[in-house]
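All values reported here derive from a predicted model rather than from experimental measurement. Only heavy atoms go into these numbers, but all of them, side chains included; no hydrogens, no water, no symmetry mates.
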Amino acid sequence: MNRLIYIKIMKKIYLLTIISLLIISCEKESGPTFINGSVKDKTTNAGIANADVGLFETDGESAFGLGGVLIDEIYSDAAGKFTFDFEARNGYSYYVQAIKDQYWNNQTDNITFVDDTGGETDVIVYLHPEGWLKLTIRDTMPFTINTEFRMTPFNGSFWVSATELDTILTGVIFGNQYKPLYWVLEDFTTSGIETYTDSIYCPAFDTTYYEILY
């Protein structure tokens, strides 16, 4: 085969391949899209009723977070189910986000991307239930003024002189799972450090009480 003819044939094949891929991409990323969805408890897999579910559109260019624009909103039914019927646009991505009181509502755990736009697709959005932990911390020894108590029970660290420490710390935690606890006593006079650990199960939608008597 003449080399020039061969090159022309390969160029046509390459061009047809590119056009086919573009057509497939357009068909997948645009057009009428129907979403069948469910909001479920991440720890029990049960449906969550009356969750606020939003459908977001994003072009992926936001520098902060997902940067989506809310284009539709609905509440889940008694079984946790919801539906969206919309026109997906080529070049945009879509995701579903659910929020509800007494569940962790952050953009890491409570979103699901819509992978199959331009058709019918099923999605599940999981929410993790909240629990509450109430810590009672008391110095029963007592320790000297040169001893420090340190702990990070929730989002921030807590440290204070261990002498006659008597306080209560309360915070929100993940429900229906074990909460690891870790605290330290450091004696600056002797440079001695004592570390303690424990793990307690904390049910959802309830307060767990725990005492640290040192």
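- If you take CG on Leu127 and OG1 on Thr43, they are separated by 10.5 Å, rounding to the nearest 0.5 Å.
- Separating the OH atom in Tyr92 from the CG atom in Asp59 is a distance of 5.5 Å, to the nearest 0.5 Å.
- Residues Asn36 and Thr83 have side chains that never bring a donor and an acceptor to within less than 3.5 angstrom of each other.
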Legend entry - From CA spacing to verdict: side chain to side chain contact (heavy atoms under 4.5 Å, CB included), Val39, Val53: CA-CA 8 Å; Val39 183; Val53 186; 3.8 Å; yes
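- Annotation: side chain of Val172 is in contact with side chain of Trp132 (closest heavy-atom distance under 4.5 Å).
- The shortest distance between side-chain heavy atoms of Val96 and Ile111 does not fall below 4.5 Å.
- Atom-to-atom distance recorded for Thr170:OG1 and Lys134:NZ is 5.5 Å, nearest 0.5 angstrom.
- To the nearest 0.5 Å, atoms CG (Leu55) and OG1 (Thr33) are separated by 9.0 Å.
- Legend: residues meeting side chain to side chain donor-acceptor pair (under 3.5 Å) with Glu57, ordered by chain and number and at least two apart, are Arg89, Tyr94.
- Nearest heavy atoms, Arg138 versus Thr136: NH1-CG2, 3.4 Å.
- In this structure a side-chain-to-backbone donor-acceptor pair under 3.5 Å is missing from Ser38 to Gly80.
- Contact between Asp72 and Phe84 at its shortest, heavy atoms only, is OD2-CD2, 3.5 Å.
- Listed for the Ser76 side chain is no donor-acceptor partner under 3.5 Å among the backbone atoms of Lys81.
- Side-chain heavy atoms closer than 4.5 Å link hydrophobic residues (I, L, V, M, F, W, Y) into clusters, and following such links, possibly through other members, connects Leu169 to Leu185.
- Cluster annotation: Met151 is connected to Ile173 through the hydrophobic network of ILVMFWY side chains, with a link wherever side-chain heavy atoms come within less than 4.5 Å.
- Side-chain contact check for Thr44 versus Asn176: some heavy-atom pair is nearer than 4.5 Å.
- Between the Thr163 side chain and the Ile145 main chain, a donor and an acceptor come within less than 3.5 Å of each other.
- Between Tyr209 and Leu135, the closest side-chain pair of non-hydrogen atoms is not below 4.5 Å.
- Placement of Val184 and Leu165 in two distinct hydrophobic clusters is found when ILVMFWY residues are connected by side-chain heavy-atom separations under 4.5 Å, directly or transitively.
- The hydrophobic clustering, which links ILVMFWY residues whose side-chain heavy atoms are closer than 4.5 Å, places Val114 and Ile124 apart.
- In this structure the side chain of Glu73 reaches within 4.5 angstrom of the side chain of Asp52, judged on heavy atoms.
- To the nearest 0.5 Å, atoms CG (Asp85) and CD (Glu120) are separated by 9.5 Å.
- Shown here for Gly118 and Ala88, the closest heavy-atom pair between the two residues is N-CB, 4.4 Å.
- A continuous path of ILVMFWY side-chain contacts below 4.5 Å connects Ile212 to Val160, so both sit in one hydrophobic cluster.
- Taking the six-membered ring for Trp and the full ring otherwise, the centers of Phe205 and Tyr103 sit less than 6.0 Å from each other.
- Open room surrounds OH on Tyr178; 12 or fewer heavy atoms of other groups in view lie less than 6.0 Å from it.
- Annotation: Asn155, atom CG; neighbour count of heavy atoms from other residues, nucleotides and ligands within 6.0 Å does not exceed 12.
- Separation of atoms OG1 (Thr140) and CG (Leu213) is listed at 5.5 Å; rounding is to 0.5 Å.
- Between the side chains of Tyr196 and Glu194, a donor-acceptor pair is found at a separation under 3.5 Å.
- Side-chain atoms of Asn105 come within 3.5 Å of backbone atoms of Lys100 as a donor-acceptor pair (strictly under, hydrogens ignored).
- For the pair Leu133 and Leu181, the minimum side-chain heavy-atom distance is below 4.5 Å.
- Nearest heavy atom pair, residue Ala98 against residue Val125, reads CB-CG1, 3.8 Å.
- Contacts of Asp101 classified as salt bridge (charged side-chain N to carboxylate O under 4.0 Å, His left out), with partners at least two apart in sequence or in another chain: none.
- At least one donor-acceptor pair under 3.5 Å links the side chain of His128 to the backbone N or O of Gly175.
- Side-chain atoms of Thr58 and Tyr95, non-hydrogen and from C-beta on, do get closer than 4.5 Å to each other.
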Inset, instruction - Please test Asn45 against Tyr126 for side chain to side chain contact (heavy atoms under 4.5 Å, CB included), starting from the C-alpha separation and ending with a verdict. - result: CA-CA 8 Å; Asn45 209 42; Tyr126 289 101; 3.6 Å; yes
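- The heavy-atom pair separating Phe56 from Leu70 by the smallest distance is CD2-N, 3.6 Å.
- Under the 6.0 Å cut-off for aromatic ring centres, Tyr214 and Phe149 qualify, their centroids lying closer than that.
- Between the side chain of Thr195 and the backbone N or O of Ile193 there is no donor-acceptor pair closer than 3.5 Å.
- Using a 4.5 Å cut-off on side-chain heavy atoms (C-beta onward), Phe86 and Ile35 make contact.
- With Asp187 contributing its side chain and Gly192 its backbone, the two residues share no donor-acceptor pair below 3.5 Å.
- In the model, Thr152 has a side-chain atom that pairs as donor or acceptor with a side-chain atom of Ser157 under 3.5 Å.
- Donor-acceptor pairing under 3.5 Å is recorded for the side chains of Asp198 and Tyr210.
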